[in-house]
Amino acid sequence: MDRNAFFRRIPKIDNILEEEQILSFIQDYGLSYVTDCVRLEVENLRKCVREEEEESRIEQAFSSLYSRITERIEGDVKPKLRKVINATGTILHTNLGRALLSPKIGQELAKMLSSYSNLEYDLEKGERGERYSHIKDSICKITGAEDAMVVNNNASAVLLILSTLAKGGEVVVSRGELVEIGGKFRIPDVCAASGAEMREVGTTNKTHYRDYVEVVTENTKAFLKVHTSNYKICGFTESVEARELKPLSLETGIPIVEDLGSGVLLPLEKYGLPHEPTVQEAIEAGVDVVCFSGDKLLGGPQAGIIIGKKEYIDQMKKNPLTRALRVDKLTITALELCFLEYLKEEGIEERIPVLRMLSEEQSVVKRRGEALLHLFQKESIPGEYSLQPSKAQVGGGSLPDTYMDSYAVVYHPEKLSVSQLEARLRKGKTPIIGRIWEDDYWMDLRTIQEEELNEIIETFQEALY
Ligand SMILES: *Cc1c(COP(=O)(O)O)cnc(C)c1O
């Protein structure tokens, strides 16, 4: 092999930079960045000429030089966070961004993004206002709480509450409620981080009222109840509800804090799901401070909502952590609009996408599946496909053993293996995230949106040809 001949063929950087396509990149992204990309790819080519044993591989490296420069630049400038199609059937998929917001809220968000707002400005008085004021009234109206504030997520809400009420003292928690949520949120660790000492009571399966009574000392600062949202203890069990703890709380003056997890504002029974404790129930039971996520069953943006007695919320607002855990105008906008939807319960499923997916009749899910199958036929997508009954899930660490009847389009490719197909769909222009089961590819229609059907077809066409 005449390596020197190959070396002589390596184009000069300056010459590459004069090519038409590269010139257009320079116009869009600047000379110095494009030059760096070109240099890196020319360096790769040089390395190939130096080390590669097969001439055909070297030829290939020459012929793909421009496409590799293009790929590098396009890979760099394309946003890494992208829309995907959730075909997993898990409605609150933490890895896929949890709750969807409605297009209406999306439009309001877009408007807020590029305008000033009265985020911390009181339009009545013409003076400095408070960022929580916008959501307070609607939250309080819906939940019956006295006061409310919002932080970055529910994990920060728990941290802030414990740090404010129990730092340097003890917080009492049942051993049956020492929850770990995905992503390293563990009650004992959050307690430790807040500076409160955790005082465990009871056992894994049974905690009695007297267990709480026995551990109360002068140093006890709060009773913490945690909703065991992602697991169930069955059989020989007993726990003490917040309502039952209330007399002890009143007698000792020690507040009850409850981490509800999901933030359900409606009885889920109406959708044929098991009862999940609602926010209103916690307030009614006399819980002093309640916190929950914004982007679980509430169906809003990522946030940690803290509601309850004004005296405690006031203390929290003064905690320096509040500033560190502060939410921005986008969160406030989306959350306020979401709560305003809840003011009117009738037809709420049409306005909160999470509730729509939870409550949608199976016949509607099936019709969407039939529409997708029809598109597969119309576009002559090769392979075998059919509509099959499937099971969807709430996800996001909520209702762990509950499955909803659903439908899935089950697809078997002709020329690729199922795992090759899965990878190509995952890396497509609009990535599809589905499931492989028994050598077929499953796309659950409960989490696929009506307007995504055409995008699915496009991603399939791209993946198969
Ligand atoms: C999900 C959950 C959390 C964490 O909420 P994030 O909003 O994800 O931070 C905390 N506690 C409970 C009980 C939960 O279910």
Side-chain angles (χ1 to χ4, degrees), residues 90-101 135 139 148-163 166 171 173-194 196 198 207 222-233 239 241-242 256-265 268 273-279 281-282 287 289-308 316 321-322 324-328 330-332 334-335 338-339 354 358 393-402:
T90 299
I91 296 173
L92 297 171
H93 201 304
T94 300
N95 302 153
L96 305 185
R98 287 201 188 152
L100 304 188
L101 298 172
I135 47 164
I139 301 186
M149 66 183 288
V150 184
V151 288
N152 178 59
N153 57 9
N154 193 31
S156 33
V158 178
L159 179 70
L160 176 65
I161 295 167
L162 295 181
S163 151
V171 52
V173 196
S174 159
R175 291 196 171 91
E177 298 172 10
L178 297 177
V179 175
E180 170 174 323
I181 309 289
K184 306 275 191 307
F185 176 90
R186 303 172 119 193
I187 290 293
D189 298 347
V190 178
C191 268
S194 75
M198 197 174 69
T207 302
F223 298 113
L224 174 64
K225 292 282 302 167
V226 185
H227 179 46
T228 57
S229 42
N230 59 0
Y231 66 97
K232 276 219 164 77
I233 298 179
S239 62
E241 297 300 310
I256 303 175
V257 173
E258 186 158 16
D259 170 11
L260 274 181
S262 228
V264 180
L265 295 177
L268 291 186
L273 295 165
H275 181 75
E276 272 281 286
T278 66
V279 180
E281 283 165 0
V287 176
V289 179
V290 179
C291 64
F292 51 95
S293 286
D295 57 355
K296 290 187 182 171
L297 285 165
L298 182 72
Q302 177 187 305
I305 297 128
I306 307 174
I307 61 173
M316 282 181 241
L321 264 183
T322 296
L325 304 173
R326 173 166 107 170
V327 288
D328 75 336
L330 297 182
T331 303
I332 304 255
L335 201 58
C338 181
F339 277 116
V354 168
L358 271 184
Q393 258 186 305
V394 177
S398 309
L399 301 169
D401 55 357
T402 304

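Counting starts at 1 for both ligands and their atoms, in listed order.
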Quiz item: When Val354 is tested against each of Leu100, Leu92, Val394 for side chain to side chain contact (heavy atoms under 4.5 Å, CB included), which residue passes?
Solution: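 The residue from Leu100, Leu92, Val394 that satisfies side chain to side chain contact (heavy atoms under 4.5 Å, CB included) with Val354 turns out to be Leu92.
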Self-check item: Option among Val151, Leu321, Ile306, Leu325 that satisfies the side chain to side chain contact (heavy atoms under 4.5 Å, CB included) test with Met316
Solution: Ile306
Practice problem: Sequence neighbours left out, what passes salt bridge (Lys or Arg N to Asp or Glu O under 4.0 Å) with Asp295? Give chain and number order. | Solution: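 Partners of Asp295 by the salt bridge (Lys or Arg N to Asp or Glu O under 4.0 Å) criterion, ordered by chain and then number, come out as Arg98.
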Self-check item: Contacting atoms of ligand 1, where contact means under 4.0 angstrom from a heavy atom of Gly261
Solution: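 Selected atoms, number and element: 12 (C), 13 (C), 14 (C), 15 (O).
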Quiz item: Should you measure from each heavy atom of His227, which atoms of ligand 1 turn up under 4.0 Å away?
Solution: 13 (C)
Exercise. Measure the shortest side-chain to side-chain distance between Leu178 and Met198 over non-hydrogen atoms and say whether it is less than 4.5 angstrom.
Key: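 Yes - at least one pair of side-chain heavy atoms lies under 4.5 Å apart.
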Practice problem: For residues Val287 and Leu260, determine if any side-chain heavy atom of one lies less than 4.5 Å from a side-chain heavy atom of the other. | Solution: no
Quick test: of every protein heavy atom, which one is nearest to [atom], and how far off is it to 0.1 Å?
| atom | result |
| --- | --- |
| atom 9 (O) of ligand 1 | Ala155 N, 2.9 Å |
| atom 6 (P) of ligand 1 | Ser293 OG, 3.5 Å |
| atom 1 (C) of ligand 1 | Lys296 NZ, 1.4 Å |

Check [X] against ligand 1 and report side chain, backbone, both or neither, counting heavy atoms closer than 4.0 Å.
| X | answer |
| --- | --- |
| Asn154 | both |
| Arg98 | side chain |
| Gln302 | neither |

Practice problem: Indicate yes or no: does an N/O atom of Ser229 lie under 3.5 Å from an N/O atom of ligand 1? | Solution: yes
Quiz item: Which atom pair, heavy atoms only, marks the closest approach of Asn154 to Ser293?
Solution: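 Looking at all heavy atoms of both residues, the shortest contact is CB-OG, 3.3 Å.
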Quiz prompt | Proximal candidate to atom 12 (C) of ligand 1 [heavy atom criterion; set Asn152, Asp259, Thr94, Leu92] | solution =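 That would be Asp259.
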Side chains of residues 180-187: which donor-acceptor partners sit under 3.5 Å, not counting sequence neighbours?
residue	atom	partner	partner atom	Å
Glu180	OE1	Arg186	NE	2.5
Glu180	OE1	Arg186	NH2	3.0

Self-check item: Atom pair CD/CD1 of Glu177 and Ile233 - distance to nearest 0.5 Å
Solution: 8.5 Å
Quiz prompt | Val179 heavy atom under 4.0 Å from ligand 1 | solution =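 Flag not set, Val179 not near ligand 1.
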